[in-house]
Each structure stands twice: as structure tokens, then as C-alpha cells.
Amino acid sequence: MLQRFILLFSTTLMVACSGGRAGAKEELQPVEISMSSDNVILTIEKSRKAEDALTLSWKGGAQEADYSILMDIAGNGFSKPYTNRLGKCPGRSVTFPSRDLNMTIAERWPAELARQTDFEFKVVATLGDRTEESGVARVRIS
């Protein structure tokens, strides 16, 4: 009786730790993106105080997927995007402090700091040889 209980307990534990499907490959789900704001104002004061400027969140993908965030000026079609490789990101949310976002724009698109510019973001999830891209989220940064 004790051996039967141990065998049943061990089998249940293995199934629970493998997500309920022992040996099954994890499926990559469609990725949906959302932003905390569609209008961000970057200032020196916010950068000094290390205030958060923008939070990008997504759902979908897969627990074991590697994630990247792509950013480009709206209308460029992500032809030469800034790419932030996150790796595994179970929280599925990334916050950009004002200073970091400002520095990224200054390094990549310095002329855009002097004016209001629309930027586009998307999330790419990769699992093995499979890839899912989110739709595009647009934010105006000034």
C-alpha cells in the first residue's frame, strides 16, 4: 500500500512540474502588446529623479520563450530598430525609466530629442525555431 502511494505521489509530482503534459512541447501563443501611456514627456527633472516613463506589457508567447523588444521611429517599418533582448521574461512587462528612454533616443535618434516624435514598439517571442511578433504599439515622445 505504501509503495502504491509513493508511486502515485511521484507520478502526480512529475505531471505537475511539467505543466501537466509530461514530454509535450510548449506552444508559442500569439503576442498582444499594451502600453502604460500613448504620450510620454521626457524631462531632465524626471531623469534626475529616476521616474518611470513608460511600461510595456504583453500577454501570450510562452513561459520558456526568449523575448525582445523592438523600437523604431513610426513609419520606418522596423527597418533598423533598436532591439532590447530580454531573454526569458516570465513577468511579461518592462518599465523604461525616463533616463534610459532618453539615453536610448539620444544615442539612436539624436535629432528626435528636439521635437515630438511618434515611436513604435513591438515584442518578439522566440521558442526554438518558432517566432511570434506582437502588433505595433505607438507612443508619442517629446
Measure the OG-CG distance between Ser36 and Leu56 for me, rounded to the nearest 0.5 Å. 8.5 Å

With Glu51 via salt bridge (charged side-chain N to carboxylate O under 4.0 Å, His left out) - residues at least two apart: none

Should side-chain heavy atoms under 4.5 Å link Ile, Leu, Val, Met, Phe, Trp and Tyr, which residues sit in the same cluster as Val136? Leu70, Phe78, Val124

Could you pull out the closest heavy-atom pair between Trp109 and Met71, with the gap in Å? CH2-O, 3.5 Å

Rounded to the nearest 0.5 Å, what separation is found between the CG atom of Leu86 and the CD1 atom of Ile69? 4.5 Å

Salt bridge (Lys or Arg N to Asp or Glu O under 4.0 Å) pairs, two or more places apart, involving residues 117-129: Asp118-Arg138, Asp118-Arg140, Glu120-Arg138, Lys122-Glu133

Measure the spacing between CD1 of Ile141 and CG of Asp38 and express it to the nearest 0.5 Å. 11.0 Å

Kindly give the heavy-atom pair with the smallest separation between Met35 and Ala137, and that separation in Å. CG-CB, 3.6 Å

Side chains of Val40 and Phe119, heavy atoms from C-beta outward: is any pair under 4.5 Å? no

Are Asn84 and Thr104 close enough that some pair of their side-chain heavy atoms sits under 4.5 Å apart? no

Locate the shortest heavy-atom distance separating Phe121 from Ile33; write the atom from each residue and the value. O-CD1, 3.9 Å

Hits for side chain to side chain contact (heavy atoms under 4.5 Å, CB included) against Lys88, two or more places apart or cross-chain, chain-then-number order -> Glu64, Asp66

Does Val94 reach the side chain of Trp58, with side-chain heavy atoms less than 4.5 Å apart? yes

What pairs with Arg85 under salt bridge (charged side-chain N to carboxylate O under 4.0 Å, His left out), at least two apart in sequence or on another chain? none

Tyr67 and Cys89: CA distance, side-chain angles, deciding distance, side chain to side chain contact (heavy atoms under 4.5 Å, CB included) verdict: CA-CA 7 Å; Tyr67 292 94; Cys89 190; 4.0 Å; yes

ILVMFWY cluster membership beyond Leu127 - transitive side-chain contacts under 4.5 angstrom: Leu28

Roughly how far apart are Leu113 CG and Glu107 CD, rounded to 0.5 Å? 10.5 Å

Heavy-atom nearest pair, Ala125 first then Gly61, reads CB-CA, 4.2 Å

If I compare all heavy atoms of Val139 with all of Ser37, which pair ends up nearest, and what's the gap? CG2-O, 3.7 Å

Report yes if the side chains of Lys80 and Arg108 come closer than 4.5 Å at any heavy-atom pair, otherwise no. yes

Could you give the distance from CD (Glu27) to CD (Glu132), rounded to the nearest 0.5 Å? 10.5 Å

Just how far is it from atom OG1 of Thr95 to atom CG of Leu101, taken to the nearest 0.5 Å? 11.5 Å

Show the nearest heavy-atom pair for residues Gln116 and Ser142, with the distance to one decimal. CG-CB, 3.3 Å

